K.L.:
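Here it is, the structure, as structure tokens.
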Amino acid sequence: MAEGEHLGVSTTPPPTPSEKTLKKQWLEVLSTYQYVLCFCFLGLFFSLAGFLLLFTSLWYLSLLYLVWLFLDWDTPQQGGRRYQWLKNWSAWKHLSDYFPLKLVKTAELPPDRNYVLGSHPHGVIAVGSVCNFATEGTGLSQLFPGLRFSMAVLNCLLYLPGHREYFLSCGACSVNRQSLDHVLSQSQLGRAVVIVVGGANEALYAVPGEHCLTLRNRKGFVRLALRHGASLVPVYSFGENDIFRVKAFAPDSWQHLLQVTIKKLLSCCPCIFWGRGLFSAKSWGLLPLARPITTVVGRPIPVPQCPQPTEEEVDHYHTLYMKALEQLFEEHKESCGLPASTRLTFI
């Protein structure tokens, strides 16, 4: 193995901002900013634009899109679609260099079986999960050759104009049962479904320095793995919660209750967050702080195929998964810059 490499991942320190050219720095900033804006506002913008176009001479554009949406309605439930050129887009590489973002493999994932990867934490905009597993920004296909990854996202996002095309084109699919069963039921093995188990609820706990996961009662991904005999793989993104400042409200406050209520109604969790400004690191804005994010992929947990798993079987493998995730966290926390006293919390 060449010097500076470990399990196929370069361990050579990334260049510091002072070593990057001005052009490179701006490419990284703009590539990161486009992801933030697309993640937060793309669906809202195109939905509003499509509605307003109905009252102009270009009304037919909205009508044509509605026809296309009707004809393409089932695509998110059938594994989605992907355009390799978009997954290979150079902007993803610039984005990964901005933080920097790194993907670490701790064990081989042979393509002769299927996998369900639980990715933690969600953070505010799930940078580690989306950019590592839905793009080639960190060399996913080189680290795990032969695997076809599908990033599972909220079903509602895949029916919003703009958001739909953005995520589907990167290989995303709906996180509901029909969609995931379709992906893992394909005759060709080597399918890997990536699920951000904690979901939008974890955005409320994305406080820098905190590692709080919504996992104790999230067992659907384990049932999915059991139904298809897919190995469970824990994944943790160290630094995901450090790229934004988040206003956290007390659990018994009316603000927190409002956030939880909106989350139940809309499936998305409104939170107050801020980063740095686009032109100055000393001002407030929506650009994430440049903090290292290291996504560590753990060892696979073999799971037998049980078309109708019992609650005891689900609880057993859920417990194994939580222990494996906690072990992964303990093994890598210090190398990722966390104090030895840091603990992972499950809620």
Side-chain angles (χ1 to χ4, degrees), residues 6-9 77-82 84 87 103-120 128-130 132-136 138-153 170-197 215 218-237 295-329 331-332:
H6 177 68
L7 281 176
V9 179
Q77 317 301 328
Q78 298 174 348
R81 58 169 168 266
R82 65 191 65 210
Q84 199 60 37
K87 293 172 70 68
L103 183 62
V104 177
K105 177 173 69 173
T106 62
E108 295 294 337
L109 300 183
D112 60 352
R113 68 200 70 175
N114 292 333
Y115 302 91
V116 173
L117 284 75
S119 188
H120 314 268
S129 300
V130 174
N132 276 309
F133 297 110
T135 81
E136 286 294 329
T138 52
L140 177 67
S141 61
Q142 297 175 8
L143 272 180
F144 300 101
L147 293 184
R148 181 182 175 91
F149 288 85
S150 295
M151 184 75 212
V153 303
C170 288
C173 66
S174 174
V175 76
N176 64 27
R177 176 171 176 170
Q178 177 186 348
S179 171
L180 300 179
D181 281 343
H182 177 86
V183 172
L184 295 176
S185 296
Q186 301 303 302
S187 58
Q188 184 177 358
L189 297 176
R191 304 281 176 164
V193 170
V194 183
I195 303 174
V196 185
V197 180
L215 182 59
R218 299 289 175 98
K219 301 179 182 180
F221 72 106
V222 178
R223 290 189 179 90
L224 174 71
L226 281 164
R227 286 200 304 272
H228 297 277
S231 297
L232 286 166
V233 182
V235 178
Y236 197 86
S237 292
T295 300
V296 184
V297 182
R299 304 174 188 86
I301 304 169
V303 175
Q305 186 169 10
C306 305
Q308 295 181 329
T310 64
E311 287 303 313
E312 290 75 15
E313 290 171 327
V314 172
D315 289 343
H316 173 70
Y317 284 98
H318 185 259
T319 300
L320 287 181
Y321 178 87
M322 290 180 63
K323 289 180 178 178
L325 178 60
E326 191 167 23
Q327 181 181 354
L328 181 73
F329 182 87
E331 289 177 352
H332 294 273

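It should be emphasised that the depicted structure is a prediction, and the values quoted were computed from it without experimental measurement.
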K.L.:
Quick one: closest heavy-atom pair of A134 and K87, and the distance?
P.N.:
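So the minimum-distance heavy-atom pair works out to O-NZ, 3.0 Å.
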K.L.:
Out of curiosity, H316 NE2 to T310 OG1, how far, rounded to the nearest 0.5 Å?
P.N.:
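Output value for this atom pair is 10.5 Å.
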K.L.:
Could you state the interatomic distance from CG (L224) to CZ (R177), rounded to the nearest 0.5 Å?
P.N.:
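Between atom CG of L224 and atom CZ of R177 there are 9.0 Å.
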K.L.:
Identify the two heavy atoms, one from C173 and one from V183, that lie closest to each other, and give their separation to 0.1 Å.
P.N.:
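Closest heavy-atom pair between C173 and V183: SG-CG2, 4.3 Å.
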K.L.:
Could you check whether any side-chain heavy atom of L320 comes within less than 4.5 Å of a side-chain heavy atom of V303, counting everything from C-beta outward?
P.N.:
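No, side chains not in contact.
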K.L.:
Taking C-beta and beyond as the side chain, do F133 and C170 meet within less than 4.5 Å on heavy atoms?
P.N.:
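A side-chain contact is absent here, since even the closest heavy-atom pair is not under 4.5 Å.
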K.L.:
Could you pull out the closest heavy-atom pair between K105 and A107, with the gap in Å?
P.N.:
CG-O, 3.1 Å
K.L.:
Going by side-chain contact (heavy atoms from CB on, under 4.5 Å), V297 matches just one of L143, L103, L140, V104. Which one?
P.N.:
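Among L143, L103, L140, V104, the one meeting side-chain contact (heavy atoms from CB on, under 4.5 Å) with V297 is L103.
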K.L.:
I need the H318 NE2 to L226 CG distance, nearest 0.5 Å.
P.N.:
11.5 Å
K.L.:
For Q186, does the CD atom sit with more than 12 other heavy atoms under 6.0 Å from it, leaving out its own atoms?
P.N.:
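Counting other residues, nucleotides and ligands, CD of Q186 exceeds 12 neighbours.
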K.L.:
Which pair of heavy atoms, one from Y236 and one from L328, lies closest together, and at what distance?
P.N.:
N-CD2, 4.0 Å
K.L.:
Tell me, with the steps shown, if S119 and S129 meet side-chain hydrogen bond (donor to acceptor under 3.5 Å, both in side chains).
P.N.:
CA-CA 6 Å; S119 188; S129 300; 2.6 Å; yes
K.L.:
For Y321, check ring-ring contact (aromatic ring centres under 6.0 Å, His included) against everything at least two apart and list the hits.
P.N.:
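Scan of Y321 (ring-ring contact (aromatic ring centres under 6.0 Å, His included), adjacent residues dropped) gives H120, F221.
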K.L.:
Given side chains that start at C-beta, do those of R113 and S231 come closer than 4.5 Å, heavy atoms only?
P.N.:
yes
K.L.:
Main chain of D315, side chain of T319: is a donor-acceptor contact present, judged purely on distance under 3.5 Å?
P.N.:
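Side chain of T319 to backbone of D315: a pair is present.
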K.L.:
Give me the atom names and distance for the closest heavy-atom approach of P110 to L147.
P.N.:
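Smallest interatomic distance, heavy atoms only, reads O-CD2, 4.2 Å.
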K.L.:
Excluding sequence neighbours, so at least two apart, what forms salt bridge (Lys or Arg N to Asp or Glu O under 4.0 Å) with R227?
P.N.:
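Scan of R227 (salt bridge (Lys or Arg N to Asp or Glu O under 4.0 Å), adjacent residues dropped) gives D181.
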K.L.:
Would you give the length of the straight line joining atom CZ of R191 to atom CG of N114, rounded to the nearest 0.5 angstrom?
P.N.:
8.0 Å
K.L.:
Does N132 reach the side chain of V235, with side-chain heavy atoms less than 4.5 Å apart?
P.N.:
no
K.L.:
Within a 6.0 Å radius of atom CZ on R299, are there more than 12 heavy atoms belonging to other residues, nucleotides or ligands?
P.N.:
no
K.L.:
Measure across P304 and Y317 and return the closest heavy-atom pair with its distance rounded to 0.1 Å.
P.N.:
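Heavy-atom minimum between the residues: CD-OH, 3.0 Å.
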K.L.:
Do L215 and L325 make a side-chain contact, defined as non-hydrogen atoms from C-beta onward lying under 4.5 Å apart?
P.N.:
yes
K.L.:
Quick one: side chain to side chain contact (heavy atoms under 4.5 Å, CB included) partners of S237, sequence neighbours excluded?
P.N.:
P121, E240, I293, T295
K.L.:
When rounded to the nearest 0.5 angstrom, what is the spacing between CZ in R218 and CE in M322?
P.N.:
12.5 Å
K.L.:
In Å and rounded to the nearest 0.5 Å, what is the CZ to CD distance from R148 to Q188?
P.N.:
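Going from the CZ atom of R148 to the CD atom of Q188 covers 8.0 Å.
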K.L.:
Does a salt bridge link R223 with E311, judged by any charged N lying under 4.0 Å from a carboxylate O?
P.N.:
yes
